[in-house]
2 protein chains.
Amino acid sequence: MSESGPKFRREPAEQRKEALILSTLSLIAEKGVRGATVRAIASRADVTQGLIRHHFSSKEDLITAAYEHHMSHMTDLTAAPGAASHHSCKSRLAAFVTNGLKPPVVDPRSVSLWAGFLNKIREDPRMQAIHEQTYHDFRDRLEALIADALTEAEIDTPSSQLRGLAIACNAVIDGLWMEGGALPGAFETGELPEIGLRSVGAIIGLDLEETENRS
Amino acid sequence: MSESGPKFRREPAEQRKEALILSTLSLIAEKGVRGATVRAIASRADVTQGLIRHHFSSKEDLITAAYEHHMSHMTDLTAAPGAASHHSCKSRLAAFVTNGLKPPVVDPRSVSLWAGFLNKIREDPRMQAIHEQTYHDFRDRLEALIADALTEAEIDTPSSQLRGLAIACNAVIDGLWMEGGALPGAFETGELPEIGLRSVGAIIGLDLEETENRS
DNA sequence: TTGGTATTTATACAAGTGTATAATTATACT
DNA sequence: AGTATAATTATACACTTGTATAAATACCAA
């Protein structure tokens, strides 16, 4: 009975912070924002609740950090995979579209996570800033890909039109992503990427589907 | 001091229920789901909190009813205005698209209202059923309008393709609606309807913009 | 080995939450 | 006018929430 190791481990602040952030995200995704209480978060990270206040000045601080973490993760997940492995601009654009419309990006947890945060965006200016920046970051990447693909196909497009195309394509992707996550089971496997490719292709005036199955 | 009228008014159940639902909706839209407490709802409806439990078996019941109310309202708002005043099928489709991309449908309150509910959809089967039905109802109307417009233009389209077109157009509208509501000020007046018309037109292969300014 | 210190736990608290129950009171009907 | 009844209020309760503060403890440096 007298045998007992250390009762807890001291970890570097950065590491603990990330663990708490990940706990927060998984909890919001799983049980909704309402389920992400300080006690639940601490429990999932295997610490006691007091620690949260030590690393974050308030719960709102933690939520904000978690939101930022999640959003940049999502964008990376859509943009990154195999960015260099595609030869043509067109196939890079196609990959961007399909990446955003397949798991793990399309996922019920992801959508409800996003929705959970949306409420706080209106109230908290910091949240609003993150939201705005994430949206524009994503859309700008998309716009660049579209511009490249059109240039490659020798289609001349004024930049004023380009903005509208990017907004529209972004909307298709967002809309399909949302519906796929909110209604799992309502779409066949591969249906969303297919529809996404065809729609984006129709909007910008290129056939994206022919370039798909290219690894 | 001895002078005092009736301390409260008895109203028909149906009327009180709706008043409570409207209070709930305005409160969620304004302060988020977290702000919609039984006390706040009752206060906004000028009643005491006990009355909520008299008309609804639980708060969840009220939330569910409010969700149902809101969703059917949104669909009506998009579909209804001037349904008969349009001559061609194409202009009816165009009106459907633009209606959903203008105020009052596009509105920060509306979007955060929708997002607030989304969390509860995953947990509550009744919510899920309402969500599913609302989505399909909206999409079916859209699909019918698309089918009519294509028939009118003498473009033959198999029903298997029609489904994909409706999903895609629905996604564009949803995505634009979401972005317009989540980022008020990021888009010029009339920009969303314009982009919506052009995109839906491109997807189904019809020029919807020429038919617009028709009252 | 011995402090020193930031990390971590332990405990407490005030405010707000949804719910339950009994006491009032308006109103329709006889 | 009187009464039954459903609507409405009033009050209370048990529980959860975020936050605050003090005590304990692991780990680094000397």
Side-chain angles (χ1 to χ4, degrees), chain A residues 2-24 27-28 30-67 116 119-120 123-124 126-127, chain B residues 2-24 27-28 30-67 116 119-120 123-124 126-127:
Chain A
S2 61
E3 189 68 22
S4 67
K7 296 186 174 173
F8 58 85
R9 272 180 55 197
R10 294 178 67 165
E11 305 220 0
E14 211 56 32
Q15 200 167 324
R16 267 277 131 87
K17 275 181 155 188
E18 188 172 348
L20 288 171
I21 287 176
L22 293 180
S23 293
T24 305
L27 216 39
I28 294 183
E30 200 172 300
K31 319 213 179 207
V33 194
R34 197 178 159 180
T37 68
V38 280
R39 284 165 180 82
I41 294 169
S43 162
R44 179 159 297 200
D46 283 317
V47 293
T48 53
Q49 57 164 329
L51 196 60
I52 287 181
R53 286 272 302 163
H54 185 258
H55 286 294
F56 298 92
S57 68
S58 72
K59 188 195 172 184
E60 209 181 329
D61 237 48
L62 170 56
I63 298 284
T64 305
Y67 180 53
N119 289 319
K120 317 212 176 227
E123 299 166 356
D124 189 339
R126 280 182 307 170
M127 286 281 212
Chain B
S2 60
E3 188 68 22
S4 67
K7 296 187 174 173
F8 58 85
R9 272 181 56 197
R10 295 179 66 162
E11 306 220 0
E14 211 55 33
Q15 200 167 324
R16 267 279 132 85
K17 276 182 155 188
E18 187 173 348
L20 288 171
I21 286 175
L22 292 180
S23 292
T24 305
L27 217 40
I28 294 183
E30 201 171 301
K31 319 212 181 212
V33 193
R34 198 179 159 181
T37 67
V38 279
R39 285 164 181 81
I41 294 169
S43 163
R44 181 159 296 201
D46 283 318
V47 293
T48 53
Q49 58 165 324
L51 194 59
I52 288 182
R53 286 272 300 165
H54 185 259
H55 286 294
F56 299 92
S57 69
S58 73
K59 188 195 173 183
E60 209 181 330
D61 236 48
L62 170 56
I63 298 285
T64 305
Y67 180 54
N119 290 320
K120 318 211 176 228
E123 301 166 357
D124 189 339
R126 279 181 307 168
M127 285 281 210

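In what follows, every heavy atom counts, from backbone to side chain, and hydrogens, waters and symmetry copies are set aside. Quick note on labels: first sequence line is chain A, next is B, and so on, each numbered from 1.
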Pick base, sugar-phosphate or nothing for B/Gln49, based on heavy-atom distances below 4.0 Å to the nucleic acid.
->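 Touches a base.
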Using a heavy-atom cut-off of under 4.0 Å over every strand shown, decide if B/Thr48 touches base, sugar-phosphate, or nothing.
->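 Base contact.
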Spacing of [X] atom [atom1] relative to [N] atom [atom2], expressed in whole Å:
{"X": "B/Lys31", "N": "C/dG16", "atom1": "NZ", "atom2": "C1'", "result": "15 Å"}
{"X": "A/Leu51", "N": "D/dT19", "atom1": "CG", "atom2": "C1'", "result": "15 Å"}
{"X": "A/Ile63", "N": "D/dT19", "atom1": "CD1", "atom2": "P", "result": "10 Å"}
{"X": "A/Asp46", "N": "C/dT9", "atom1": "CG", "atom2": "P", "result": "9 Å"}
{"X": "B/Lys59", "N": "D/dT16", "atom1": "NZ", "atom2": "C1'", "result": "13 Å"}
{"X": "B/Glu14", "N": "D/dA6", "atom1": "CD", "atom2": "C1'", "result": "15 Å"}
{"X": "A/Ile52", "N": "D/dT19", "atom1": "CD1", "atom2": "C1'", "result": "12 Å"}
{"X": "A/Lys17", "N": "C/dT7", "atom1": "NZ", "atom2": "P", "result": "10 Å"}

Residue met sooner reading DNA chain C from 5', once A/Arg39 and B/Val38 are mapped to nucleotides =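 Comparing both residues, the 5'-ward one is A/Arg39.
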Please assess B/Phe56 against B/Val38 for the test side-chain contact (heavy atoms from CB on, under 4.5 Å), listing each intermediate value before the final yes or no.
-> CA-CA 11 Å; B/Phe56 299 92; B/Val38 279; over 6 Å; no
Residue that, paired with B/Val33, satisfies side chain to side chain contact (heavy atoms under 4.5 Å, CB included) out of B/Leu27, B/Ile28, B/Asn119 |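 The single option meeting the side chain to side chain contact (heavy atoms under 4.5 Å, CB included) with B/Val33 is B/Ile28.
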Option among B/Leu51, B/Thr24, B/Leu22 that satisfies the side chain to side chain contact (heavy atoms under 4.5 Å, CB included) test with B/Ile41 |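 Filter result, single survivor: B/Thr24.
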Think [X] has a side-chain N or O under 4.0 angstrom from the OP1 or OP2 of [N]?
{"X": "B/His55", "N": "D/dT8", "result": "yes"}
{"X": "A/Arg34", "N": "C/dT17", "result": "no"}
{"X": "A/His54", "N": "C/dT8", "result": "no"}

Locate the shortest heavy-atom distance separating A/Ile52 from A/Ala42; write the atom from each residue and the value.
->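 In terms of heavy atoms, the two residues are closest at CD1-N, 4.0 Å.
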Where do B/Arg126 and B/Asp61 come nearest, in terms of heavy atoms and distance?
->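 Looking at all heavy atoms of both residues, the shortest contact is NH1-OD1, 3.1 Å.
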How would nucleotides 24-30 of chain D be written as a contact map, 5' to 3', with B for base contact, S for sugar-phosphate-only contact and - for no contact, using protein heavy atoms under 4.0 Å?
-> -SBS---
Electrostatic pair B/Glu123-A/Arg34, nearest N-O below 4.0 angstrom =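 Looking at B/Glu123 and A/Arg34, the cut-off is not met.
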Under 3.5 Å donor-acceptor, B/Ser23 side chain and B/Ala19 backbone =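 Pair found, side chain donor or acceptor close to backbone of B/Ala19.
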